[in-house]
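Notes follow once the structure below has been shown.
Not measured: the values here are computed from a predicted model. Values reported hereafter were calculated over all heavy atoms of this structure, with side chains retained and with hydrogens, waters and symmetry mates removed.
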Amino acid sequence: MDEWLVLLITMAAAIAGVLTITVFRGRRHEDPSETPDVIEYMTMMVGVVYAIVLGLAIAGVWEARNTAQDTVRAEVQALHEISERVQVYAPAVRDQTRKDVDAYASYVVHKEWPVMLDKQKLTDEGERLLEKVRTDVTSYQPRNDHEAQSYQPLLDQVGAADAARGAREGDSDDTMPGVVWFGLIAGALVAVGLIFALQIRRSPRELLLAGLYSALIAFLLFLIWDFNAPFGHEIADSSGPFTDMFPV
């Protein structure tokens, strides 16, 4: 399901739920003046604390998303450097190395990426294909000083690609643990529930504010859920560096 559709359904459900309960409670003809003053202070305090928690959660998932994207760019850049620097090698070795780099990039995007998004782990086949690139580089015997000078930098780029691959696996887990989600959802219920503790009435202004408040919380929770997956929920969300640099 499209993320925008999920967002609209979530916000609409939150607004409908709050407004339905508010209108239903309005039939009981409760007197808002009977609300204790301490409830207003509690509502303000809970709102401030929950806003801080939401802000920290959004900052955390955003930072994790940026780190994951940097990891992908580092891996792609290392692979690109291998393809370019192998130019000094013999034509047969050069072409074979570039072919293996392209095969690895294609496999990562089309085969490994769905596994990574679904199971938060990488595949053995991807490791084998990268090891094949390493073998192409390390098994070559430089024929002259110029090739010898390029040998170590190529090894460094293979190591950088391998390190970035390992970091990509480490970054694939969800950012927010379950206990944090429990706190976020429980906080949302408390924050919205305090609206009813204030005994709001059914005037258009109060209904509008109640609906917007619940919709805002629903949107922020959706934002955290969307960014909670560092590499997104679809292949195209974060595999752009691979598809931009290699013919995959």
Side-chain angles (χ1 to χ4, degrees), residues 59-175 226-248:
V61 295
W62 180 260
E63 182 179 359
R65 174 68 66 90
N66 287 336
T67 299
Q69 291 176 348
D70 290 340
T71 298
V72 174
R73 284 192 289 266
E75 183 178 3
V76 171
Q77 184 61 38
L79 294 172
H80 177 68
E81 289 295 325
I82 294 172
S83 294
E84 293 299 320
R85 296 190 182 202
V86 80
Q87 174 68 30
V88 300
Y89 279 15
V93 177
R94 176 196 63 202
D95 294 342
Q96 183 62 44
T97 303
R98 288 177 172 174
K99 179 181 177 181
D100 290 340
V101 169
D102 291 343
Y104 171 76
S106 179
Y107 177 83
V108 166
V109 173
H110 297 295
K111 301 296 184 180
E112 189 172 68
W113 216 270
V115 176
M116 183 181 68
L117 295 182
D118 183 43
K119 300 181 179 179
Q120 288 78 49
K121 66 178 184 179
L122 305 185
T123 63
D124 294 336
E125 178 64 15
E127 184 67 27
R128 187 191 69 79
L129 290 175
L130 183 59
E131 188 61 30
K132 189 176 181 181
V133 175
R134 187 193 301 274
T135 301
D136 292 338
V137 174
T138 57
S139 62
Y140 181 69
Q141 296 292 331
R143 299 171 299 177
N144 50 52
D145 291 341
H146 183 52
E147 291 183 355
Q149 291 173 359
S150 300
Y151 182 77
Q152 187 58 48
L154 273 169
L155 287 181
D156 293 341
Q157 293 302 323
V158 173
D162 191 24
R165 174 182 171 81
R168 176 159 59 87
E169 182 174 24
D171 293 338
S172 61
D173 291 332
D174 291 342
T175 305
D226 190 35
F227 287 154
N228 187 48
F231 293 103
H233 301 278
E234 302 291 340
I235 297 177
D237 291 343
S238 53
S239 63
F242 275 97
T243 57
D244 292 342
M245 196 70 69
F246 296 101
V248 297

Polar side-chain atom of D118 near backbone of P114 as donor-acceptor pair, under 3.5 Å: no
Shortest non-hydrogen contact from A64 toward P230: O-CB, 4.0 Å
Residues that F231 engages under ring-ring contact (aromatic ring centres under 6.0 Å, His included), provided they are two or more places apart: W113
F227 CZ to D237 CG distance, which is reported to the nearest 0.5 Å: 10.0 Å
Exam field: side chain R65 to backbone D226, donor-acceptor pair closer than 3.5 Å: yes
Residues, nucleotides or ligands: over 12 heavy atoms within 6.0 Å of N144 CG: yes
Candidate pair Y107 and T123, rule side-chain contact (heavy atoms from CB on, under 4.5 Å), full reasoning: CA-CA 10 Å; Y107 177 83; T123 63; 3.0 Å; yes
Non-hydrogen side-chain atoms of L155 and V137 separated by less than 4.5 Å: yes
Any residue meeting salt bridge (Lys or Arg N to Asp or Glu O under 4.0 Å) with E84, in chain and number order, not counting sequence neighbours: none
Pairing residues for F246 by the ring-ring contact (aromatic ring centres under 6.0 Å, His included) criterion, not counting sequence neighbours: none
Spacing of Q69 atom CD and T67 atom OG1 [to the nearest 0.5 Å]: 9.5 Å
Residue pairs involving residues 239-248 (criterion salt bridge (Lys or Arg N to Asp or Glu O under 4.0 Å); sequence neighbours excluded): none
Gap separating the CG atom of D102 from the CG atom of L129, nearest 0.5 angstrom: 12.0 Å
For Y151, ring-ring contact (aromatic ring centres under 6.0 Å, His included) partners two or more places apart: none
Interatomic spacing from CZ in R128 to OG1 in T135 - rounded to 0.5 Å: 10.0 Å
Any residue meeting side chain to side chain donor-acceptor pair (under 3.5 Å) with D136, in chain and number order, not counting sequence neighbours: none
Worked check of side-chain contact (heavy atoms from CB on, under 4.5 Å) between D70 and R73: CA-CA 5 Å; D70 290 340; R73 284 192 289 266; 2.3 Å; yes
Donor-acceptor contact below 3.5 Å, side chain S172 vs main chain E169: yes
Closest heavy-atom pair and its distance - D174, A229: OD1-CA, 4.2 Å
Those residues that, when tested against Q141, pass side chain to side chain contact (heavy atoms under 4.5 Å, CB included) (two or more places apart): none
Gap between atom OG1 of T97 and atom CG of L154 - 0.5 Å precision: 8.0 Å
Non-hydrogen side-chain atoms of R85 and S150 separated by less than 4.5 Å: no
Pairing residues for A74 by the side chain to side chain contact (heavy atoms under 4.5 Å, CB included) criterion, not counting sequence neighbours: A164
Heavy-atom check, side chain of V72 versus side chain of E75, under 4.5 Å: no
Where at least one partner belongs to residues 86-99, residue pairs that pass salt bridge (Lys or Arg N to Asp or Glu O under 4.0 Å), sequence neighbours excluded: none
Salt-bridge present (K111, E125; N to O < 4.0 Å): no
Close side-chain approach of L122 and M116, heavy atoms under 4.5 Å: yes
Qualifying side chain to side chain donor-acceptor pair (under 3.5 Å) pairs with a residue from residues 156-166, counting only residues at least two apart or across chains: Y104-R165, E112-R165, E127-R165, R134-D162, Q152-D156
Salt bridge (Lys or Arg N to Asp or Glu O under 4.0 Å) partners for E147, two or more places apart: R143
Qualifying residues under side chain to side chain donor-acceptor pair (under 3.5 Å), relative to S239, sequence neighbours excluded: none
Gap between atom CD1 of I82 and atom CG of L130 - 0.5 Å precision: 7.0 Å
